[in-house]
2 protein chains.
Amino acid sequence: MGPRGKGKGSEAKALADRSHVRDSLTASNSLIQLDSHGLLSGCSVLLGAETEQTDFLNRACFGRPIITTEKDKQWFQLGMEEAFYLFYSLKCLKIIGEDQCTKNNEELWSYMKSKEDTFPEYLKAYSRLRNKNWVVRSGSQNGVDFVAYRHHPALVHSEYAVLVLSGDGDANDRLKVWSDFQCTLRLCGSVAKTLLVLNIFRNNTGAVSPSCL
Amino acid sequence: MGPRGKGKGSEAKALADRSHVRDSLTASNSLIQLDSHGLLSGCSVLLGAETEQTDFLNRACFGRPIITTEKDKQWFQLGMEEAFYLFYSLKCLKIIGEDQCTKNNEELWSYMKSKEDTFPEYLKAYSRLRNKNWVVRSGSQNGVDFVAYRHHPALVHSEYAVLVLSGDGDANDRLKVWSDFQCTLRLCGSVAKTLLVLNIFRNNTGAVSPSCL
């Protein structure tokens, strides 16, 4: 089953434009060239983008634009998984901590892990889908962890509602009770998405560094 | 906010008929007089009802009628909480095990607890709502544990979607993740029910007998 388009002709447009996600990932070079720096702020990363970067972020659907009074800069708010993916997997973003120092892999990893214990699992799920050219956005509106779009969200509705379960049973009891499972399924049905459950298993080292990805 | 009626005039009818739930509970005498016996079968109890009992079960909304070829008897399938409530709290039902012996309180309790570890919490929630004259039915259609009706389900829609959480944190991680909470809330909104979360705490003895209720 293909994706449901938004409005007349958008499905055909999306199909014709299939390569835009990959293109825009290649365009991450622009972030590198402009030496982009994100600012760590609680559970998100703020990025002040020039026109070229704004174009990249919008086309590849990273971050959420924030309205400010600054005219020459468009600020974006990146979630932890998005920011780490741009930083670690695409290597097109540097991240500055609240102490004004540039973070290295391990520092950023342990910071984000301290903010959210399940960060490694969410990041793994996010990276996996992104690497397969899905556009991944927060699923909070639909009561799941992520939603996945086959094309740009402006053109199509998301196809998958994604739940991320950590493999070891003690830490995660989600979907263990029948009524919870029915709740998720019924909701997915009502918003016309397919439920995708990703079970992520930690290796024995306990995900102490990003190399565990 | 009052309950939403089903069809024209049903709300007024339900209000006028407010006492029918209590009436029918008093009518449990008919079950006692007829010396009703339920047959334990897996996770449910089967009850072959005469006309008078059928009337009671239908008016008080216990059990689910089963279609059989028997003409003089209407069979009902009772859930574990329903059966135990009729057996222990209303004392209007005897229950026969698969070994053809009548079960006493402790035997039935440990049987049902062995079938479902959270049985004591579900039963406590069920009994509590029933004792407050709510009609309680399975919530599986709505992805919750129970739904609660202010009047007879034939007249009104259920008002509450009930989730039963066991108090101790380790055993029950439901609603701990934001997206699960959002999922439940969004679903409750879409079916026009209010979410009612019941936290049930076990006492120190660990619910070894029905006296812990």
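The sequence lines fix the lettering, A, B, ..., with proteins before strands; numbering per chain opens at 1. Values reported hereafter were calculated over all heavy atoms of this structure, with side chains retained and with hydrogens, waters and symmetry mates removed. Values in this document were obtained by computation on a predicted structure and should not be read as measured data.
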Query raised in the report: Roughly how far, to the nearest 0.5 Å, is the SG atom of Cys183(B) from the CG atom of Asp180(A)?
Result: 8.5 Å
Query raised in the report: Partners of Lys94(A) by side-chain hydrogen bond (donor to acceptor under 3.5 Å, both in side chains), sequence neighbours excluded?
Result: Asp35(A)
Query raised in the report: Just by distance, with hydrogens left out, do Ser179(B) and Arg174(A) show a side-chain donor and acceptor under 3.5 Å apart?
Result: yes
Query raised in the report: Does Phe181(B) CZ have over 12 foreign heavy atoms under 6.0 Å away?
Result: no
Report task. Let me know if Thr184(B) has heavy atoms under 4.5 Å from chain A in its side chain, its backbone, both or neither. Result -> both
Query raised in the report: Which residues in residues 137-149 of chain B have a heavy atom less than 4.5 Å from any heavy atom of chain A?
Result: Ser140(B), Gln141(B), Asn142(B), Gly143(B), Val144(B), Asp145(B)
Report task. Please check if atom CZ in Arg186(B) has more than 12 non-hydrogen atoms from other residues, nucleotides or ligands closer than 6.0 Å. Result -> yes
